[in-house]
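Inspection log for the structure reproduced underneath, given as structure tokens.
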Amino acid sequence: MNYWLMKSEPDAFSIDDLKHKTIEPWDGVRNYQARNMLRDQMQIDDQAFFYHSNCRNPGIVGIMEITKVGYPDSTAFDPSSQYFDPSGNPENPRWYRVDVSFIKKFSRIISLDELKRHPLLQTMQAARKGNRLSITSVSLEEWQVIISLAEG
DNA sequence: GCCAACGTTGGC
DNA sequence: GCCAACGTTGGC
């Protein structure tokens, strides 16, 4: 079982949007490192923190789970999609997505500032300065610390 | 293969 | 809106 952190801009898609859907394809990821995780590493029942980025109060807002392993992201082949990639080729898909589903929304945001300050979270990739990767892995230890912050 | 120019992410 | 920190592109 793996743990992840996945970013979304709440103006585009928030934890409250996810809450109202049974299954949601996590599409539009156009970065090779993140693609490799989507395609090769994520497994059914893995859990992921939902992170609100590029907003007034960035941070972790809840939990979701992976409900379908990586499969081609068809938005890359759809000219009407904002995620259309004109260099793409359906016979040899470049971009992948997984399906996720809502587990819970935290009663408070675990802010980026709090992640950065916590002594046990200094190793967290998502909290490092300059980090732009929209999907990062989370260790079991980091996961448990954050869960205790959210539930404490 | 190098690297300058350019584009994007995302905190602030 | 600014800009640091990347990732990508393309000339050479």
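Just so it is clear: chains get the letters A, B, ... in the order the sequence lines come, proteins before strands, and each one is counted from 1. The structure presented is a predicted model; accordingly, all values stated were derived computationally and were not measured. Only this structure's heavy atoms are used, side chains among them; waters, hydrogens and symmetry mates stay out.
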Check nucleotides 3-6 of chain B against the protein and report each pair of N or O atoms closer than 3.5 Å, with its distance, or say if there are none.
none

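Rounded to whole Å, the distance from CZ on A:Arg132 to C1' on B:dG11 is 12 Å. The separation between A:Tyr83 atom OH and B:dT9 atom C1' is 13 Å, rounded to whole Å. Protein atom CZ of A:Arg94 is 14 Å distant from nucleotide atom C1' of C:dG7, rounded to whole Å. When the P atom of B:dT9 is taken as reference, atom CD of A:Gln33 falls 15 Å away, rounded to whole Å. Remark: C1' of C:dG7 and CG of A:Asn36 are 14 Å apart, rounded to the nearest angstrom. When rounded to the nearest whole Å, the span between CG of A:Leu133 and P of C:dT8 equals 10 Å. The distance from atom OH of A:Tyr32 to atom P of B:dG7 is 18 Å, rounded to the nearest whole Å.
If you check residues 107-127 of chain A against DNA chain B, the residues with a heavy atom closer than 4.0 Å are A:Leu112, A:Lys116, listed by number. DNA chain B is contacted by A:Tyr51, A:Ser53, A:Asn54 of residues 48-56 of chain A, taking any non-hydrogen atom closer than 4.0 Å.
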For residues 51-69 of chain A, dump all side-chain donor-acceptor pairs below 3.5 Å to protein atoms at least two apart in sequence or in another chain.
residue, atom, partner, partner atom, Å
A:His52, NE2, A:Ile15, N, 3.1
A:Asn54, ND2, A:Glu9, OE2, 3.3
A:Thr67, OG1, A:Asp99, O, 3.3

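Considering only residues two or more places apart in sequence or on other chains, A:Glu114 meets the side chain to side chain donor-acceptor pair (under 3.5 Å) condition with A:Arg108. In this view, A:Glu141 satisfies the salt bridge (charged side-chain N to carboxylate O under 4.0 Å, His left out) rule with no residue, not counting sequence neighbours. In this structure A:Asp85 satisfies the salt bridge (charged side-chain N to carboxylate O under 4.0 Å, His left out) test together with A:Arg94, sequence neighbours excluded. Applying the salt bridge (charged side-chain N to carboxylate O under 4.0 Å, His left out) rule to A:Asp46 yields no partners; only residues at least two apart in sequence or on another chain are considered.
The list of salt bridge (Lys or Arg N to Asp or Glu O under 4.0 Å) pairs with a residue in residues 12-25 of chain A, not counting sequence neighbours, reads A:Asp16-A:Lys105, A:Lys21-A:Glu24. Applying the salt bridge (Lys or Arg N to Asp or Glu O under 4.0 Å) test to every pair with at least one member in residues 121-136 of chain A, sequence neighbours left out, gives no pairs at all. Sorted by first and then second residue, the salt bridge (Lys or Arg N to Asp or Glu O under 4.0 Å) pairs involving residues 27-41 of chain A (not counting sequence neighbours) are A:Asp27-A:Arg97, A:Arg30-A:Asp73. Contacts classified as salt bridge (Lys or Arg N to Asp or Glu O under 4.0 Å) and involving residues 74-83 of chain A (residues at least two apart or in different chains) are not found.
Within the structure, a side-chain polar atom (N or O) of A:Lys7 is placed less than 4.0 Å from OP1 or OP2 of B:dG10.
A:Trp95 and A:Tyr32 have tilted rings, their planes meeting at an angle from 30° to 60° on a 0 to 90° scale.
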Test side-chain contact (heavy atoms from CB on, under 4.5 Å) applied to A:Ser134 and A:Val29, step by step = CA-CA 8 Å; A:Ser134 68; A:Val29 174; 4.2 Å; yes
